[in-house]
Amino acid sequence: MTKSERDLLTSTHWGTYRVDVENGRVTNLRGFEHDPDPSPIGPGIVDVLDGPTRITAPMVRKSWLEGGPGTAGDKRGSDAFVEVTWEEANRLVAAELTRVRSTHSNRAIYAGSYGWASAGRFHHAQSQLKRFLNCIGGYTGSKNTYSFAAAEVLVPHVLGTFRGHLDTTTSWESIASDCELFVAFGGVPLKNGQISQGGTGAHVQKDGLLAAHEAGVDFVNISPLCSDLLTQVDGDWLPIRPNTDVALMLSLSHVLLGEDLHDQAFLDRYTVGFARFADYLLGKTDGIPKSPEWAADICELPADTIRDLSRRMARSRTMISTAWALTRQDHGEQPFWAAIALAAMLGQIGLPGTGLGFGYSAMNNTGLNRTPINYASFPQGHNPVPDFIPVARVTDMLETPGGKFDYDGASYEYPDIRLVWWAGGNPFHHHQDLNRMRRAWAKPETIIANEWCWNALAKHADIVLPCTTPLERSDIALTPKDPYQVVMDRAIEPVGQARDDHEILRGIAAEMGVEEAFTEGRSPQDWQRWIWEVSRQQAAGQRVELPGWESLQRDGWVKVPVPDKPTVMLDAFRTDPEANPLATPSGRIEIFSQTIADFGYDDCPGHPAWMEPTEWLGAAAPDDLHMISNQPRNKLHSQLDHGAVSQADRPKGVEPMTMHPRDAAVRGLIEGQIVKIHNTRGACLAELRISDMTRPGVIQIATGAWLYSDGDLCRNGNPNVLTRDKGTSRLAQGPVAHSCLVKVETIAGKDHRLKR
């Protein structure tokens, strides 16, 4: 069979699909035949590829075009756009880059490219943009992710690495074989497990969960939301008060210590600093024993339930899972540190099926048994600009150029940003306190966006460069996070004048005299073949044979063999900690970190600790509710929010919100009505869904609704107009979206439906 004879393929972060095309238009995406649980997200792109929200030509904001850089920044989001040719767009961008570089230096350029764009290895928006900017002297960048920034900074101090352990998480096969009790802080939300960076071949989370259940594993779901665990596994639900997982973990640890159920031999050999932590648990340092009775008042769980769970964990082969969402709260460093300490006290780290894992079903690759290979990628080159910000501090940077910030033991200064360029992401989705961000967004002199549809980012830019979707270009989904490596076929011609990011940047590079440096004389097809051939060589070094380029193109995909035995996180360290030390100062698990203690941060001490969220200070009002703004099930973040799959869940045009019946009754609210969620930062509309599967005192509304502003009100239901924009601590400066109190009330009138 030749390439032209096989069905077209594409791969996305949420799955691999066969592509049906008729008369030059995509008509359907069908789940990959090797995927037992295809994601429904994929077909959501079909109706919007050439729909009314598609950007079909380069566009420039009218006031900026007429008045030049810095003109009427407060009109971003409301100003009209003027269509220009690609030649004019290239000239405008090149001239503005030259002006900013010569007047303010390259550190005044912020490459805010952050997001999930294409799964393709070559057409990776961040790599393309950053390589181009490095060809002209660099840019100010960012560190870490919105997903788990607090863990990215904290865990390396405790376990030597964070991402390294994500890639070696104990597999579902090992859990089914050797685990007895699976304790899930934040649950195991299968909707999150639809996705995986760089492409997904076959979804394993549901099958892994069910196989473990059938093998006799008991599950405990510790979450305000019962839906965070599949009902078929019959798990116990502990409806914890949001943001109190650390208090629960400390009290579980207190029981282990007080009843001599902890593994002192493991602590002595594999950890440092336990004595300091033990003194804190017993209240010797602050006068407060971290007993179940103490935690019961904080977590709003019975003390006997806490005590029984701790004993059950001690007598069972136990896996502790901590959802990534736990890091996205005030003091978000503490839940993962406390979970590590709790697992160390149980003494099962490094054994099959037990220990700890960071977020089962956070992505499809968590617990996926696979052979990680260091595949090649599109080279970004060297960035000579040393300036950076923690990724979630973008508003602070725009508001306070020259201001100081602390991060991981050092002090830094915010640069004075004059030009922002975003490609492959949408800050109007993932950032917090969006009304505050919109005000700061007016300050840069120029904002450029590579976008394919008129979302909030495009509407708030000055120059919009229309890019293609993965279905309009060829690529390869080549990722160490999945065994399936997939050809991404060009299924249709680009819509309108859309160009891929590489071609967009090549045109600007030519205008600026750096085209050769950017392309190295290679076409996109040449680069893709180069990436594959270098990857074949690197795979061969690990005794994995990949097919040649022609064979890959003919067959469309290849599956890399999985390891012979299930993956067990930290098994080598467990076997011989002297021969396989951790990359910590001691080489062991640092329950107490002298390094962090020496930073002197009052919001992140040297051991796991309970610290009340700032949003609670001063006591919540009686009608305040805690808002959980979790990941959506019908899109990846905000991608394809305008598509049919996402819109099918929103018959009234606004995002659904779930509330407990008791809270609805107190407020006189009924199923299906439109309500307003609000606090001092802003407001959004939502359609009420009532369910006793949500804890009283809590509402749940998924992120991902496109921002549609009416003053400080989002009529579409974006909860990030409500979330607080502050750092988790001075250590990591991560986001705290889940520390958020709101009020909910009915609205008068019916004119709420979003008009696109």
Just jot down the side-chain contact (heavy atoms from CB on, under 4.5 Å) partners of R574, sequence neighbours excluded, or say none.
->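 Only F266, Y270, L351 meet the side-chain contact (heavy atoms from CB on, under 4.5 Å) criterion with R574.
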
Got a salt bridge between [X] and [Y], using NZ or NE/NH1/NH2 to carboxylate O under 4.0 Å?
X: D20; Y: R30; answer: yes
X: R529; Y: E550; answer: yes
X: R650; Y: D641; answer: yes
X: K143; Y: E152; answer: no
X: R6; Y: D555; answer: no
X: R490; Y: D500; answer: no

Table please: side-chain donor-acceptor pairs of residues 117-125 below 3.5 Å, with sequence neighbours left out.
{"unit_1": "S118", "atom_1": "OG", "unit_2": "G120", "atom_2": "N", "d": "2.9"}
{"unit_1": "R121", "atom_1": "NE", "unit_2": "A376", "atom_2": "O", "d": "2.7"}
{"unit_1": "R121", "atom_1": "NH1", "unit_2": "L478", "atom_2": "O", "d": "3.1"}
{"unit_1": "R121", "atom_1": "NH2", "unit_2": "Y375", "atom_2": "O", "d": "2.9"}
{"unit_1": "R121", "atom_1": "NH2", "unit_2": "A376", "atom_2": "O", "d": "3.3"}
{"unit_1": "H123", "atom_1": "NE2", "unit_2": "S474", "atom_2": "O", "d": "3.4"}
{"unit_1": "H124", "atom_1": "ND1", "unit_2": "S127", "atom_2": "N", "d": "3.3"}
{"unit_1": "H124", "atom_1": "ND1", "unit_2": "S127", "atom_2": "OG", "d": "2.7"}

Is there a donor in the side chain of [X] and an acceptor in the side chain of [Y], or the other way round, less than 3.5 Å apart?
X: Q380; Y: N134; answer: no
X: S196; Y: K481; answer: no
X: W14; Y: N364; answer: no

Locate the shortest heavy-atom distance separating F336 from A151; write the atom from each residue and the value.
->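 Looks like CD2-CB, 3.6 Å.
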
Kindly state each residue pair satisfying ring pair (Phe, Tyr, Trp, His ring centres under 6.0 Å) with at least one member in residues 159-181, sequence neighbours excluded.
-> F148-F162, F162-F358, W172-F182, W172-Y360

Would you call the rings of W422 and H430 parallel, tilted or perpendicular if under 30° counts as parallel and over 60° as perpendicular?
-> tilted

Anything under 30° is parallel, anything over 60° is perpendicular, the rest tilted; go ahead and classify H637 against H429.
-> tilted

